[in-house]
Chemist: 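Next up is a structure, given as C-alpha cells.
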Amino acid sequence: MIAATLTRAHILHVAKNAPKENDTNIGLVLSGLHMFAAPGRGLAFLGEGNVYAVTGLAPMWDGVAEAWFIPTKDMQKKKIQTIRLVRRELDAAIQRLKLRRVQAAVRSDFVGAHKLAKFLGFESEGLMKRYGPDGLDYERYAKWNL
C-alpha cells in the first residue's frame, strides 16, 4: 500500500465505494478540492487497484488545519495497514507544514471514527450540538504539535 497525492479521480472513486454515511463529507471535499488537495495536504491510500481511504489537512489559518478522513468499503480488507499508514503520514504532514494545532469533527454516532481519532493521538474537546451540515451532533477532537 502507498500514500499518493490526492486527486479528483481518487475522490470520485471514493464516492462510488464509501459507506453511505459519508455522502455529506464526499460532497464537501469535492466542492473544496482545491483546498483539501492543496500540495502536501491531501492523500489517497492505494493498493491492488483499490483506493482504501482518502484524508487531508484543510488549512484554516497559519499553523492550524482541519483533518478529515473518508474510508471506502475496501478499507476493511487492509484496515490495520491503512490506519498505521494514515498515522505515519498525518504526523509527517503536521511536522512538514509546521502545524501547531490539528482539529477534526467526528459525527457522534460514528463509533469507529472516534476510535480512529484517539488512535491518531487526538483528544476530545467536547460535543458540538447540531454542528454538521446534516444537522447532527459532532464531537471536536484536536491534537497539538508541542
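Numbering starts at 1 and runs along the sequence shown. Quick caveat: nothing in here was measured; it's all calculated off a predicted structure.
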Chemist: Run the side chain to side chain contact (heavy atoms under 4.5 Å, CB included) test on Met1 and Glu48 for me, step by step, so that the C-alpha distance in whole Å, both residues' side-chain angles and the decisive distance to 0.1 Å come before the verdict.
Modeler: CA-CA 8 Å; Met1 178 180 303; Glu48 302 167 358; over 6 Å; no
Chemist: What distance do Arg87 atom CZ and Leu120 atom CG have between them, rounded to the nearest 0.5 Å?
Modeler: 7.5 Å
Chemist: What distance do Leu46 atom CG and Asn50 atom CG have between them, rounded to the nearest 0.5 Å?
Modeler: 9.0 Å
Chemist: Could you list the donor-acceptor pairs under 3.5 angstrom formed between side-chain atoms of residues 112-119 and any protein atom two or more places apart in sequence or on another chain?
Modeler:
from, atom 1, to, atom 2, distance (Å)
His114, ND1, Tyr141, OH, 2.7
His114, NE2, Arg107, O, 3.0
His114, NE2, Ser108, O, 3.3

Chemist: Would Leu99 and Val102 count as a side chain to side chain contact (heavy atoms under 4.5 Å, CB included) if you check the C-alpha gap in whole Å, the side-chain angles of each, and the deciding distance to 0.1 Å?
Modeler: CA-CA 7 Å; Leu99 298 174; Val102 176; 3.8 Å; yes
Chemist: Under a single-linkage definition using a 4.5 Å side-chain heavy-atom cutoff for Ile, Leu, Val, Met, Phe, Trp and Tyr, are Ile2 and Leu6 assigned to the same hydrophobic cluster?
Modeler: yes
Chemist: Rounded to the nearest 0.5 Å, how far does OG1 of Thr82 lie from CD of Gln76?
Modeler: 9.5 Å
Chemist: If you compare all heavy atoms of Ala3 against all heavy atoms of Leu85, which two are closest, and at what distance to 0.1 Å?
Modeler: N-CD2, 4.0 Å
Chemist: Work out which heavy atom in Pro71 is nearest to a heavy atom in Val14; give both atom names and the distance.
Modeler: O-CG1, 4.4 Å
Chemist: Work out which heavy atom in Tyr52 is nearest to a heavy atom in Gly47; give both atom names and the distance.
Modeler: OH-O, 3.4 Å
Chemist: Quick check on Arg130: does its CZ atom have over 12 non-hydrogen neighbours (other residues, nucleotides or ligands) under 6.0 Å away?
Modeler: no
Chemist: What do the steps show when you test Val86 against Phe69 for side chain to side chain contact (heavy atoms under 4.5 Å, CB included), and what is the final call?
Modeler: CA-CA 9 Å; Val86 167; Phe69 177 82; 3.7 Å; yes
Chemist: Kindly compute the distance separating CG (Asp74) from NZ (Lys79), expressed to the nearest 0.5 Å.
Modeler: 14.0 Å
Chemist: Does Lys143 reach the side chain of Ile94, with side-chain heavy atoms less than 4.5 Å apart?
Modeler: yes
Chemist: Salt bridge (charged side-chain N to carboxylate O under 4.0 Å, His left out) for Glu89 and Arg41? Distances and angles first, verdict last.
Modeler: CA-CA 10 Å; Glu89 293 294 332; Arg41 293 191 177 266; over 6 Å; no
Chemist: Does His13 reach the side chain of Val54, with side-chain heavy atoms less than 4.5 Å apart?
Modeler: no
Chemist: Locate the shortest heavy-atom distance separating Met75 from Ala53; write the atom from each residue and the value.
Modeler: SD-CB, 4.1 Å
Chemist: Within the distance-only criterion (no hydrogens, no angle test), does the side chain of Glu66 pair as donor or acceptor with the backbone N or O of Ala105 below 3.5 angstrom?
Modeler: yes
Chemist: Among Leu43, Leu57, Thr55, which residue meets the side chain to side chain contact (heavy atoms under 4.5 Å, CB included) test with Leu90?
Modeler: Leu57
Chemist: Would you call Arg140-Glu123 a salt bridge at under 4.0 Å N-O?
Modeler: no
Chemist: Which pair of heavy atoms, one from Ala67 and one from Phe122, lies closest together, and at what distance?
Modeler: CB-CZ, 4.1 Å
